[in-house]
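Scroll down for the structure; my scribbles are underneath it.
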Amino acid sequence: MKINEGKIRIMRDDKISKALLKLSLPAIAGMLINAFYNVVDAYFVGGLGTSQIAAVSVIFPVVQVVIGIGLIFGSGAAMSISRKLGSNELEKANTTASTALFSSIVIGVILAISSFIFIDKIIILLGATDTILPYARGYGKIYLSGCVLPIFCITMHNIVLSEGAAKMTMFAMILGGGLNAVLDPIFIYTFGWGVSGAAIATVTAQGITFLLYIWYISSSRGVLKFSCSLFSFEKSVILEILKFGMPVLILQVLSGFAIGLTNTAASQYGDSAVAAMGIVVRILALASYVVFGYVKGFQPIAGYNYGAKNYQRLNKAISLSLVWVISYCLFVTSVLIVFPVNIMHLFSVNDQELISLGVRTLQANAVVFILFGVVMIYSTLFLSLGKAKEGSILSFARQGIFFIPAIFIMPYAFGLNGIIYAQPLADLLAFSMTIYYALQLHRKLKVVTER
């Protein structure tokens with residue numbers, strides 16, 4: 001189809017810099033808008049008090065899992081749909097799209113019911129103290145009751161992108177993010193709903209985005225058709241979606257698990273510690289999502305040119321991508337090191353303990369953030385080249401292989417400092433592992449390039 005022929009020309013013929021920008025900028029924008037929801041909530045809730053912003057921090061790991069469920073169906077289906085559209089198998093593409101979308105709705109409903117029932121156990125497990133608990137319960141019940149909405153929207157976002165409708169997805173995400181920013185102060189302060197108002201604003205904004213996608217489906221404006229009659233129980237269809245979606249879910253779950261462990265460790269030092277860690281996580285997530293979005297554009301270019309044995313073009317894409325992401329990460333590092341107090345004051349003005357701890361944590365993570373882009377480029381590169389073992393190890397290294405042992409061990413050895421430096425240590429170790437694998441890869445690429 002023309003949509004996919006255009007993508008192939010971009011990956012094959014366009015100037016590397018132009019191709020990377022074309023494919024990565026929409027993904028970056030989408031990732032930033034997802035992060036925007038969480039940062040906006042934290043910003044406006046910060047005016048209510050330390051326990052309130054800590055409550056939003058406690059719920060954040062759950063948000064990560066919700067996003068992951070949306071991605072397992074959205075990303076998993078999108079990769080399959082793109083290939084089917086390229087081979088003119090429209091009926092199979094419709095079946096995959098419908099199966100993924102309706103599965104996401106069912107799983108979203110199940111998650112909403114089960115998490116609503118066990119909300120107290122969940123938030124206590126994630127580090128809620130007695131003073132944080134009532135606020136986290138209020139926010140969590142509302143957000144989780146409507147969690148089918150973000151799951152549906154994230155699934156649709158990825159599916160619609162797979163058929164080339166980037167403008168539609170961009171409009172939908174900008175609309176949702178903008179509404180959330182407008183409604184937050186109204187619901188939190190004007191209506192006096194407090195922390196619960198932030199959750200209501202988020203669910204309302206996502207509900208509007210949900211309705212927009214329903215209109216898109218019903219108006220038949222896209223290439224794909226959605227219908228309950230197209231839902232398939234065939235093992236091959238479901239497994240194909242899960243095969244590509246599960247690694248994304250695992251990454252999200254690991255991220256949420258890591259944040260939960262951090263909150264639990266920090267809760268031993270009071271609400272200010274939990275709130276500070278939560279703020280830092282959101283700031284770093286906002287900065288990281290630019291890199292996550294970029295590698296989404298880098299991935300198809302790397303995979304296509306490796307498959308086409310155009311190693312010279314592949315090497316150019318790798319080199320340019322490294323220059324760009326390292327430059328960006330260096331810029332972020334500089335900002336976080338120079339302006340940590342100003343950044344923390346955006347979320348809290350009166351709690352000096354929160355600000356002081358946040359500044360220390362922000363600066364500690366900023367020092368190693370410059371390494372983050374390199375890890376992401378190579379973990380994505382290995383997966384793009386079909387080297388699943390190396391790619392999976394590097395993908396799970398930062399938040400799984402190294403961070404989880406660090407957050408268990410370091411607080412016992414170094415107290416609060418152990419919590420602050422657990423993530424920087426994990427980042428440093430992940431970077432070292434990445435360099436080891438990268439050097440091996442480049443030696444092999446040099447051999448095949450010179451043939």
Side-chain angles (χ1 to χ4, degrees), residues 33-67 108-109 111-113 115-124 126-153 173-212 259 263 271-272 274-276 278-279 281-283 285-286 345-351 354:
I33 292 167
N34 272 332
F36 186 66
Y37 274 99
N38 301 312
V39 173
V40 165
D41 278 357
Y43 173 77
F44 286 111
V45 169
L48 297 173
T50 300
S51 296
Q52 288 90 331
I53 196 171
V56 177
S57 300
V58 165
I59 296 297
F60 191 55
V62 181
V63 176
Q64 294 290 93
V65 174
V66 168
I67 292 172
V109 171
L111 177 65
I113 294 171
S115 56
F116 188 88
I117 294 172
F118 299 106
I119 184 65
D120 279 13
K121 292 182 179 180
I122 292 171
I123 56 182
I124 290 173
L126 293 175
T129 63
D130 291 340
T131 49
I132 295 172
L133 183 61
Y135 301 113
R137 182 191 296 123
Y139 185 96
K141 279 187 174 181
I142 295 168
Y143 177 81
L144 289 168
S145 295
C147 69
V148 68
L149 297 174
I151 290 174
F152 175 94
C153 292
M173 297 188 77
I174 291 172
L175 175 65
L179 278 173
N180 190 44
V182 171
L183 294 176
D184 257 341
I186 296 174
F187 289 174
I188 294 171
Y189 298 106
T190 305
F191 291 176
W193 292 344
V195 175
S196 296
I200 295 171
T202 298
V203 172
T204 302
Q206 291 167 341
I208 299 298
T209 306
F210 168 83
L211 292 176
L212 179 62
I259 296 168
N263 288 338
D271 292 3
S272 294
V274 176
I279 291 170
V281 165
R282 278 173 166 75
I283 294 167
L286 184 61
H345 272 148
L346 292 173
F347 300 92
S348 179
V349 177
N350 300 319
D351 192 332
L354 183 157

Reported [atom1]-to-[atom2] distance for the pair [X] and [Y], which is rounded to 0.5 angstrom:
X	Y	atom1	atom2	answer
Leu149	Tyr143	CG	OH	9.5 Å
Thr129	Tyr135	OG1	OH	10.5 Å
Ile279	Phe60	CD1	CZ	12.5 Å
Asp120	Lys141	CG	NZ	6.5 Å
Ile208	Asn180	CD1	CG	12.0 Å
Leu179	Ile174	CG	CD1	12.0 Å

Determine the minimum heavy-atom distance between [X] and [Y], stating which atoms define it.
X	Y	answer
Asn263	Ser57	ND2-O, 3.3 Å
Gln64	Ile259	CG-CD1, 4.1 Å
Gly176	Thr209	CA-OG1, 3.4 Å
Gln206	Cys153	O-SG, 3.7 Å
Ser115	Leu144	OG-CB, 3.6 Å
Val58	Leu126	O-CD1, 3.4 Å

Checking Ser51 against Asp271 for the side-chain hydrogen bond (donor to acceptor under 3.5 Å, both in side chains) test, could you report, in this order, the C-alpha distance in whole Å, the side-chain angles of both residues, the deciding distance, and whether it holds? CA-CA 6 Å; Ser51 296; Asp271 292 3; 2.7 Å; yes
Give the intermediate values and the outcome of side-chain hydrogen bond (donor to acceptor under 3.5 Å, both in side chains) for residues Tyr139 and Asp41. CA-CA 11 Å; Tyr139 185 96; Asp41 278 357; 2.7 Å; yes
Angle class for the Trp193/Phe187 ring planes (parallel below 30°, perpendicular above 60°, tilted otherwise)? tilted
Is it the case that atom CZ in Phe118 sees more than 12 heavy atoms from other parts of the structure closer than 6.0 Å? no
Considering only heavy atoms from C-beta outward, does the side chain of [X] approach that of [Y] to under 4.5 Å?
X	Y	value
Ile200	Phe191	no
Leu48	Tyr189	yes
Leu111	Ile151	yes

Ignoring hydrogens and geometry, is there a side-chain-to-backbone donor-acceptor pair from Asp184 to Ala201 under 3.5 Å? no
